[in-house]
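Since we're looking at a predicted model, the values are computed, not measured. Residue numbers run from 1 in the order of the sequence given.
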Amino acid sequence: MTSVKDSASSSQGARPRTDVNKVLMSGKTYRSLGQQTLTPGELRFERGRQTLGLFLAPAVAIVMWFVPLGIDRTQQELAAVLLAVIVLWLCESVPIPVAGLMGIAGIALTGVAPASEVLAPLGSTTVLTFIGAFILAQAMLKHGVARRLAFFVLSLPGVGKSTTRIIIAFGVITCILSAFVSNTATVAMLMPTALGILAVISGLMQERGIVRSDFDPLRLRVGAALMLMLAYSASVGGLMTPIGAPPNLIGRGLIEELTGTTISFAQWAVAAIPITIGMFVVLAVVLLLLNRPEVRRIEGVEEYVKQQRLEHGRISRAEWNTIIAFALTVILWFLPSLVGLFAGTESEIYLFLDERLNEGIVAVVGAALLFVLPTNWRKRKATLTWSDATKIDWGTILLFGTGIIFGAMLSASGLAETIGEGLFSTFGVTSAVALTALAVGLAILISETTSNTASAAVVVPIVVPLAAAAGVDPVVPALAATFAASFGFMLPVSTPQNAIVYGSGCVPITRMLRSGISFDILGGLLIVLLLPLTAALAGIG
């Protein structure tokens, strides 16, 4: 990483002056996860964890296959395959979606279930929802709709004059965007803007003599607060809608598969938005208290934002097309629930809309519009091309499909019920509150050390049968586990967005640990306390 002090010392005669823009915006500073330099100890740990999984997964499967457990043979064989997959997920010995595909193959090859039965859930409506939402998000990123929204919020009167308002504004922007766009993509897109504003703040502090001329702008508390707000608010905002984060759709799909309870787009939003607002308030308080900005009032940021907006120019035809397709999709997602609210769920118009406006079909229609709405009719050029669509996260879609398959197999084989009875006899959890707290704690613990999507796929199938054995409605505890699976605020490896902001060089690991553990605890408590109330308000369970 470029040293500010070394750069400054190269000047002769004049007062040493740090080129903060160069330092903050340099490629050496803004590193992706793949480029991030690990310490020798971290590198040894990662390699050891991956190597361990390659040997531990087959060993666990063999032991589970042959050990006498006294349960149905099909259930034991399924458990052997699933345990091997879970080990591969936790150790990340192979890409997580590949581990899921290996599990599907294992279920069919071992004869646990016929291939046609195993693969059936891949055609579920939620898979189509995932694909359509990802394509819509790709259009928002490609054509700059999301970035235009960010600069619009930053240009609101008074925002650019206060570091506290800037940090909160970035959080609001990230929350809104991550409800519909990939959390990782949102943070990666907003990172250059955040670094540009941080450069303005750093230069102003140097000119005023608030900091020494050879200070390191990458170690400012305001920079750490801004970067952590970007990463954490993406995870918080992703909770607002079923498509906001992969764990949401995976958890919702497993809940519907294992319990038969359907959670609509509108129901999810009603249950999640109050919790998201509460979490955001807690997040802002925690970050600003633990990373108190060195300066409160600033000048220059408003001019920077204005310049960036001028460079964007007028809204293009591609942006309008993207907004139209996105708005239509969201309206159709909410329409059946709104009609049911006013006309009743027994009315003919509600039944008509509910039957036809399936979420997956609506998502596909919205995505298809992007390939129809033209940006240049004479050249027959549409808003998106198929090469654009190939850039979406197909790995996550595969992982989602495999998670649904595992949930279906657990239910069909009776293994879910067997697991629940065994866990109930071990832990003796009898109350809904205790079970919800256990589910949240387990999901947060796993999400800190491995993929959030894997956390949802592992924890929800455990919580549902445990709740059933305890005589507790499993929907709320399973939904709480799904929400908590999006956590993981302590370490750079916990989420891709954590890795991105850590790679900026602005967030020391100690600050991430201190801020992350505080928000893990407080956010988990909010889920346990609020979700039963908001779920009841939304008619879930």
Novice: Ignoring hydrogens and angles, state whether a donor on the side chain of D388 or T385 is under 3.5 Å from an acceptor on the partner side chain.
Specialist: yes

Novice: Check whether W320 forms a cation-pi arrangement with R148 (NZ or CZ under 6.0 Å from the six-membered ring centre, at most 45° off the ring normal).
Specialist: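 Not satisfied by the 6.0 Å and 45° rule.
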
Novice: What do you reckon, is CG of L529 surrounded by more than 12 foreign heavy atoms closer than 6.0 Å?
Specialist: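 Enclosed: over 12 neighbouring heavy atoms sit under 6.0 Å from CG of L529.
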
Novice: Is it the case that the ring center of Y350 lies less than 6.0 angstrom away from the ring center of F352?
Specialist: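 No; Y350 has its ring centre 6.0 Å or more from that of F352.
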
Novice: Check the side chains of T74 and E77 for a donor-acceptor pair under 3.5 angstrom, ignoring hydrogens and angles.
Specialist: no

Novice: Keeping to residues at least two apart or across chains, list the side-chain hydrogen bond (donor to acceptor under 3.5 Å, both in side chains) pairs with something in residues 231-251.
Specialist: S235-Q497

Novice: Give me the atom names and distance for the closest heavy-atom approach of A478 to V464.
Specialist: CB-CG2, 3.9 Å

Novice: How long is the gap from OG1 on T383 to CG on N376, to the nearest 0.5 Å?
Specialist: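 Answer for the OG1-CG pair, T383 versus N376, is 11.5 Å.
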
Novice: Nearest heavy-atom pair of L370 and N321: which atoms, and what distance?
Specialist: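 What the structure gives for the nearest pair is CD2-O, 4.3 Å.
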
Novice: Between the main-chain N or O of I444 and the side-chain N or O of D520, is there a donor-acceptor pair closer than 3.5 Å?
Specialist: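 No, because the side chain of D520 does not come within donor-acceptor range (under 3.5 Å) of the backbone of I444.
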
Novice: For the residue pair S155 / R309, report whether a side-chain donor-acceptor contact shorter than 3.5 Å exists.
Specialist: yes

Novice: Of the non-hydrogen atoms in M64 and A79, which two are nearest, and what is the gap between them?
Specialist: CG-C, 3.9 Å

Novice: Determine whether F483 and V440 make a side-chain contact, defined as any pair of heavy atoms from C-beta on separated by less than 4.5 Å.
Specialist: no

Novice: Minimum heavy-atom separation for A535 to V476, with atom names?
Specialist: CB-CG2, 4.0 Å

